[in-house]
**Student:** 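Take this structure, written in structure tokens, and hold onto it; I'll ask about it next.
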Number of protein chains: 2
Amino acid sequence: MSEKTTLTDAVHTLLRRAIIEQALKPGMRLPEDTVGDQFGVSRTIVRHALVRLENEGLVVTRRNRGAFVAEPTLEEAKQIFEVRRALEAEVIRILAERMPESGYDQLRAHVRSEESVRGKDGPVSIRLAGEFHTLLAELTGNAVLARYVSEVVLRCSLIMAMYAKSHSSDCAVDEHLQIIDAIRDGDVARARDIMDHHLGAVADRAELEEKPDSVSTILSRYGKELAS
Amino acid sequence: MSEKTTLTDAVHTLLRRAIIEQALKPGMRLPEDTVGDQFGVSRTIVRHALVRLENEGLVVTRRNRGAFVAEPTLEEAKQIFEVRRALEAEVIRILAERMPESGYDQLRAHVRSEESVRGKDGPVSIRLAGEFHTLLAELTGNAVLARYVSEVVLRCSLIMAMYAKSHSSDCAVDEHLQIIDAIRDGDVARARDIMDHHLGAVADRAELEEKPDSVSTILSRYGKELAS
DNA sequence: TATCCGTCAATTGGATACAATTTGCTTGAT
DNA sequence: ATCAAGCAAATTGTATCCAATTGACGGATA
């Protein structure tokens, strides 16, 4: 009585993880046939999964060209961070008001797992850092809010993967603990400040480094000038 | 050089409009071949459109049962309104800081079109009231924010269609003008208060009336108890 | 008569086949 | 040598086909 998940869901989840963990890098093509063969499913399934991923902003599709892993511009990145800050402020407001019983236990357990990979700046670190925020949002009990937070967190992970060289999650884990404490104290303002600083630091760090790689993006700019 | 839109997009847009305007009522079944025959396209197209609509929260699909127009519960409705309030507060904050030049003209033009249908509590009224908020969000220049606002506004329209008997958009139009003025004055607090009152009133009105119709929903609850 | 079980129609889940469109390359002319 | 036109390959867009699952109807049984 397991197997209640559809194939589309499975492919969707796998592709999402692959993108977040940088196995599939931004700008990389995602031909339906190739992905389908790889997973042993038909194009139909892959297509459905790609439609979902497009809605989540993780891939972009060009007409008759196919799907690509999204390459968020700095402008998009700013917009996403702006929305994320607003959404997470709401999360904090709600949690300070009503936190479920096992909430703190779950949060601390997650932080522990984050600490267990401290030092390793791999994709797992990025994923765990993001999942902390997702967990926070889920604890509000507001599924809609949790869904949106999850989406922006995932897109932020993609942005970090593109722009940031080292994620250096050391301070992040520490700030996660501070946020938990502030919420427990009912100090909304402080929790929000820490969260703003947390996100702001991440955004600033990303902004400083621009993108050294991603040849296609760089060339597309020069190509734009040639077109005129 | 027209026809740049795919069939899936067309069906998706049409279905969405039909749902928002209550041509397709909540709980109504959406068999793929029926819809396909109706529009003269294949099931594949309808299927893709339904996947998108599901992602937007306007339809729900049950495994091997098919797609239905979503019937948001009161709990879901509260969650959506909660998120909407947070998102629109951010919209106001941004607009008070930086409003594009033609912004006020566009807003006033829209309000005029809202006034032109004053008195008629039809689906057009609901749609226009929603589009005001969407326009507001688009003026921020933040595409991500605009997208999320658009989604929650659409879902709110569906909620209103379910729970509210008369939309009575008279006061709404007036409050729209007040919001514009408050933003122009740079009075974020006032604009936010009006917006909160605006949304709160809508939510409260919906909450009072419960739902008298929708037999299937009522019976499904009793059915749930039988299942245990 | 109410409950249980088996068969069947209806509908979706998924795969394959065909058509349309784009891209890149080859070929030829200037 | 460069550019344009056209052809071929690849990929997506769409339709059709088979299989699996679900819900309903009806008969059998206690």
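Basis for what follows: all heavy atoms, side chains included, without hydrogens, waters or symmetry-related copies. So you know, we letter chains A, B, ... as the sequences are listed, proteins then strands, and number each from 1.
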**Student:** So, taking the atom named CD in B:E54 and the one named OG1 in B:T61, what distance separates them when rounded to the nearest 0.5 Å?
**Tutor:**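 Those atoms lie 3.5 Å apart.
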
**Student:** Determine whether B:L107 and B:F132 satisfy the following criterion, side chain to side chain contact (heavy atoms under 4.5 Å, CB included), listing intermediate values before the conclusion.
**Tutor:** CA-CA 7 Å; B:L107 287 172; B:F132 172 81; 3.9 Å; yes

**Student:** At under 4.0 Å between heavy atoms, how does the protein contact nucleotides 10-18 of chain D? Give one character per nucleotide, 5' to 3', with B, S or -.
**Tutor:** -SBBBBBB-

**Student:** Just by distance, no angles: are the side chains of B:E56 and B:H12 close enough, under 3.5 Å, to form a donor-acceptor pair?
**Tutor:**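 There is such a pair between these side chains.
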
**Student:** Donor-acceptor pair, distance only, cut-off 3.5 Å: does the side chain of A:R62 make one with the backbone of A:F68?
**Tutor:**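 Not confirmed, A:R62 side chain does not pair with A:F68 backbone.
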
**Student:** Taking distance alone, no hydrogens or angles, what donor-acceptor pairs closer than 3.5 Å link side-chain atoms of residues 41-51 of chain B to residues at least two apart or in another chain?
**Tutor:**
unit_1	atom_1	unit_2	atom_2	d
B:R43	NE	B:E32	OE1	3.0
B:R43	NH2	B:E32	OE1	3.2
B:R47	NH1	B:E32	OE2	3.0
B:H48	ND1	A:H48	NE2	3.3

